[in-house]
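This report refers to the structure that appears directly beneath it.
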Amino acid sequence: FELERLGIHDSVAMVFPPAELAEYLADLPVEVAVIGDDEISACDAVVTMEHRDAFLEVEWVHSIQAGVDRFPFDEFEANDVILTNSTGIHDRTVGETVAGYLLMFARRLHDHVANQQDRRWERPEWDAAFTLAGSTACVVGTGTLGTGAAETLGGLGLRVTGVRRSGDHVPGFDEVYSNDRLLEAISGADFVIVTVPLTDETRHLFDADAFDAMRDDAYFVNVSRGPVVDEPALIDALEADALAGAALDVFEEEPLPEESPLWGMDEVIVSPHCAAYTRDYFRDTGDIVRENVDRLADGAAFRNRVV
Ligand code: NDP
């Protein structure tokens with residue numbers, strides 16, 4: 001198709017100012033403009049955060065997120081709309097966020113932040129703190145996020161295992177399991193970190209059986225998508241002390257409802273779906289868009305094509 005007008009949908013404002021990306025891409029040989037819902041039909045392609053039905057009329061939609069579970073793949077396919085995503089850019093950001101959660105738990109930093117709110121000078125129990133060096137983490141999903149987490153945690157001295165469908169080795173991991181051995185893989189780890197996409201196969205992958213398989217003193221981290229976890233089963237496990245704690249960036253319902261018990265748990269860290277945030281986000285995602293505009297001009301296949 002002929003690309004003449006590329007719209008930056010204003011829903012990207014949830015992650016960065018749309019004008020920053022429009023300016024970053026201003027030197028492309030096509031018109032680039034920030035658009036609202038009423039201007040979608042005037043574009044050949046759109047860069048977006050959210051889905052709109054009007055996207056079925058354009059030629060190409062690029063998601064600024066790696067997770068594209070909110071887009072209706074069948075309808076895109078039926079309408080010949082290309083969908084690309086932003087996988088490949090979130091390795092360092094999410095890897096460092098995950099390392100941060102683990103450091104908070106191991107070094108008890110979250111307790112100090114909580115105590116500081118009450119001006120309370122209170123040292124941890126003598127046996128509460130430990131070091132990450134010598135601990136083990138099992139990362140479920142060995143793609144961009146998983147590899148970023150493995151490399152960052154490996155640098156801190158953890159032993160890192162991975163789980164993926166094929167079970168094939170991935171650089172940065174000490175050992176990789178196939179997903180039919182998930183329960184075995186997570187059973188020995190001090191930390192279990194979820195980095196899989198949300199698919200029919202991964203919905204509620206972490207259920208009561210998975211939390212049962214984990215050690216009672218293990219921490220659970222979810223930076224993928226809320227529905228990968230059966231949230232009531234996680235809450236039950238935390239309340240029963242069948243897990244040591246959890247760091248959660250994503251939830252079955254977002255924003256996390258005010259009445260969720262997760263907000264009030266001492267050993268739970270809640271972050272508002274921002275594990276990948278960085279002031280470079282518009283540049284990172286813009287580089288994928290730029291590459292695909294070039295590829296389109298050369299008649300080459302798109303990078304990160306999902307549909
Ligand atoms: P990738 O496609 O790079 O990696 C996905 C990995 O998951 C692959 O290693 C794949 O390996 C594995 N996988 C897929 N299905 C299964 C399964 N059933 N069981 C076990 N492993 C599986 O994606 P990204 O790393 O870029 O992103 C992953 C997800 O993280 C996104 O889809 C998104 O939902 C979420 N995300 C969240 C962010 C946040 O802000 N919290 C930021 C960015 C992404 P294999 O093919 O061998 O199975």
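The analysis underlying the following values was restricted to heavy atoms, covering all of them including side chains, and did not include hydrogens, waters or symmetry mates. Just so you know, these numbers come straight off a predicted model, no measurement behind them.
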Task: pair I288-T84: side-chain heavy atoms closer than 4.5 Å - done: no
Open item on the list: Quick one, L21 and F16 - any side-chain contact, counting heavy atoms below 4.5 Å?
Closed with: yes
Open item on the list: Angle between ring planes, F71 versus H51, binned at 30° and 60°: parallel, tilted or perpendicular?
Closed with: perpendicular
TODO: Specify whether F302 and F1 have parallel, tilted or perpendicular ring planes, treating 30° as the upper limit for parallel and 60° as the lower limit for perpendicular.
DONE: perpendicular
Task: Centroid-centroid under 6.0 Å between Y277 and H90 rings - done: no
Task: Between F55 and H9, ring centroids under 6.0 Å - done: yes
Open item on the list: Tell me every residue that passes side-chain contact (heavy atoms from CB on, under 4.5 Å) with E4, counting only those two or more places apart in sequence or in another chain.
Closed with: E2, D44
Regarding [X] and [Y], does a basic nitrogen lie under 4.0 Å from an acidic carboxylate oxygen?
{"X": "E50", "Y": "R52", "result": "yes"}
{"X": "R283", "Y": "E20", "result": "no"}
{"X": "R108", "Y": "D111", "result": "yes"}

So, taking the atom named [atom1] in [X] and the one named [atom2] in [Y], what distance separates them when rounded to the nearest 0.5 Å?
{"X": "M14", "Y": "H273", "atom1": "CE", "atom2": "NE2", "result": "8.5 Å"}
{"X": "L132", "Y": "F105", "atom1": "CG", "atom2": "CZ", "result": "11.5 Å"}
{"X": "I89", "Y": "Q65", "atom1": "CD1", "atom2": "CD", "result": "10.0 Å"}

Open item on the list: Within 45 degrees of the ring normal and closer than 6.0 Å to the centroid, is that where the cationic atom of R290 sits relative to Y24?
Closed with: yes
Task: More than 12 heavy atoms of other groups within 6.0 Å of R295 CZ - done: yes
Open item on the list: Under 3.5 Å, is there a donor on one side chain and an acceptor on the other for T93 and D91?
Closed with: no
